[in-house]
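One-based numbering, in listed order, for ligands and for the atoms of each.
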Amino acid sequence: MEKVSTNVTDVGDKIIHQSVDVRLQNLTKVFFEKSGKKTVAVDDFSILIPAGKLIGLLGPSGCGKSTTLYMIAGLHKPTAGSIFFGDDDVTNMPPEKRGIGLVFQNYALYPHFTVRQNIMFPLENLKVPKEEALKLAQQMAELVHIGDLMDRKPSQLSGGQQQRVAIARALVKRPRVLLLDEPLSNLDARLRLQTREEIKRIQRETGITTIFVTHDQEEAMSISDEIVVMNYGIKQQMNHPQAVYDEPVNMFVAKFLGNPPINIIPAKIVGGQLTLLDNTVLEKGFEIADQEVMIGLRPEYFKIVSTGKITAQIEMIEHIGRDTMIICQLENAENTIRVIVPSAKNLTVNQKIKLNATKFFIFNKETGERYK
Ligand code: ATP
């Protein structure tokens, strides 16, 4: 009889995973289609995911997130590169031997099985004795807070509850790594928020190394210990969410994170001076060759002050919770910018205001590379 992997210790009613780090080394996946079309879905991708961490793999549709996840799962064979779980090279290991739990967007539960049968299903394949399987299934159900729903069928559950069943089923085999592919996309806004907090709690309690794929930057920022931003199959940046937000390496990352989004404004460097296109000087003393650049200013990087260097006219005022967002038109430029201010008192539509930037990024206009 095949033994259930032993990378879990029971400590009272807590289930602690012996977590492993996951290392992707120069991972590449090229799809060749019959028509001759070639797609480089993942391109020389290297990251180290520390043991016990939750990593958000984030990027726009088609950037290679799922392909990366499926290579880690063993469902896609890499064209080049290696995958390690701890010291274990799993690159050519079949999926069932890797010790992974996989959760999909559409839950993929068996509709005619009860919750209990769904959770126990992977254990049947492993021929775990029934008594033990029942105990493990109950333990996992308690962990994801559905212990009282074991006799229901999936159709009798909400979307969030169904996703918890899928997570319990993925965890019951006691995997080394948990892989989540857009697990919240089918849930409504409130459930999505609740379930993402649940996932974070379950991950913390089990300590299992987890990779979470999403195209939703807010979701990735809120749930992840670190995020990896991808574009065109290429790693752009990996760091703590706040660090990526505060110090993006390029214009793509700066634009991809943030809601409301960052303002990108054309500007130029002339003789070390950064000026807007109407020649308003923003700052001096840059060691950057004369050229046109793009500057990035997050909406909260502005201050309204009477001595401000940037002149703008208010077009719209929106209340967004505690703060206020004003949308204004830059004077002598075609750009509309979003500015977040703590209070809109004394501000009216059509009013002219003066702004100073408390922080900004300078990007290469062509490559998006960040200069400052
Ligand atoms: P989404 O968020 O839309 O799921 P993604 O970031 O997960 O996108 P992937 O599904 O990994 O992106 O796809 C990356 C690229 O590889 C895309 O251009 C896609 O069309 C292509 N691709 C994925 N699977 C295949 C396949 N089996 N054959 C050919 N091309 C594929």
Side-chain angles (χ1 to χ4, degrees), residues 22-47 49 54-83 90-92 94-95 98 100-108 159 163 166-167 170 177-189 192 195-196 199 209-224 226-239 241 244 248-259 261 368:
V22 173
R23 191 154 41 97
L24 311 183
Q25 221 168 278
N26 308 105
L27 209 56
T28 297
K29 178 70 185 175
V30 184
F31 289 108
F32 296 96
E33 289 169 65
K34 282 196 188 116
S35 61
K37 189 169 184 280
K38 177 181 146 185
T39 306
V40 183
V42 178
D43 193 355
D44 200 23
F45 190 82
S46 298
I47 54 170
I49 301 169
L54 193 162
I55 294 298
L57 208 51
L58 174 68
S61 182
C63 75
K65 307 177 293 288
S66 299
T67 305
T68 305
L69 201 76
Y70 295 161
M71 285 194 281
I72 301 171
L75 303 176
H76 281 328
K77 188 174 158 38
T79 311
S82 315
I83 303 166
V90 302
T91 316
N92 296 309
R98 293 188 182 202
I100 44 128
L102 192 51
V103 175
F104 297 100
Q105 177 179 343
N106 61 5
Y107 327 131
Q163 195 53 296
I167 294 169
V177 179
L178 179 63
L179 305 173
L180 304 161
D181 191 9
E182 302 263 10
L184 307 177
S185 304
N186 282 358
L187 305 178
D188 67 37
R192 202 154 60 217
T195 313
R196 88 181 183 206
I199 289 177
T209 311
T210 301
I211 303 162
F212 182 104
V213 159
T214 178
H215 62 271
D216 182 333
Q217 50 105 12
E218 207 180 314
E219 197 166 282
M221 297 269 290
S222 65
I223 203 174
S224 313
E226 288 192 45
I227 55 172
V228 184
V229 184
M230 290 181 82
N231 195 23
Y232 296 118
I234 298 171
K235 178 180 81 177
Q236 305 289 310
Q237 190 167 5
M238 178 175 183
N239 210 331
V244 179
V249 292
N250 59 33
M251 189 150 63
F252 172 79
V253 176
K255 281 161 94 169
F256 199 74
L257 297 187
N259 187 22

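Within the listing of ligand 1, atoms 6 (O) sit less than 4.0 angstrom from a heavy atom of P60. Every atom of ligand 1 with a heavy atom of G62 under 4.0 Å away is listed here by number and element: 1 (P), 3 (O), 5 (P), 6 (O), 8 (O), 12 (O), 14 (C), 15 (C), 17 (C), 18 (O). When each atom of ligand 1 is checked for a heavy atom of A41 under 4.0 Å away, the hits are 14 (C), 15 (C), 16 (O).
Under the 4.0 angstrom criterion, atom 19 (C) of ligand 1 counts as lacking any protein heavy-atom contact. Counting only heavy atoms, the protein gets under 4.0 Å from atom 5 (P) of ligand 1.
In summary, the side chains of N259 and Q217 do not present any donor paired with an acceptor at a separation below 3.5 Å, with no hydrogens or angles considered. Between Q163 and T195, the side chains place no donor N or O within less than 3.5 Å of an acceptor N or O (distance only, hydrogens not considered).
Of the candidates Y70, Y232, F31, it is F31 that places a heavy atom closest to atom 30 (N) of ligand 1. Comparing H215, M230, K65 against atom 2 (O) of ligand 1, the shortest heavy-atom distance belongs to K65. Residue T67 holds the heavy atom nearest to atom 13 (O) of ligand 1 of all those in T39, T68, T67.
Under the 3.5 Å distance criterion, the side-chain polar atoms of K29 are matched with a main-chain donor or acceptor of K77. A distance-only check finds no donor-acceptor pair linking the side chain of R196 to the backbone of I223 [under 3.5 Å]. A donor-acceptor pair under 3.5 Å is absent between the side-chain atoms of Q236 and the main chain of V253, judged by distance alone. Between the side chain of T214 and the backbone N or O of D216, at least one donor-acceptor pair lies under 3.5 Å. At least one donor-acceptor pair under 3.5 Å links the side chain of T28 to the backbone N or O of D44.
Heavy atoms of G233 come nearer than 4.0 angstrom to ligand 1 in no pair at all. In this structure, G59 falls outside the shell of residues with a heavy atom less than 4.0 angstrom from ligand 1.
In this structure, the protein non-hydrogen atom closest to atom 10 (O) of ligand 1 is S66 CB, 3.9 Å.
Considering backbone and side-chain atoms together, S61 places an N or O closer than 3.5 Å to an N or O of ligand 1.
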Full working for side chain to side chain contact (heavy atoms under 4.5 Å, CB included) between L58 and L257: CA-CA 10 Å; L58 174 68; L257 297 187; 3.6 Å; yes

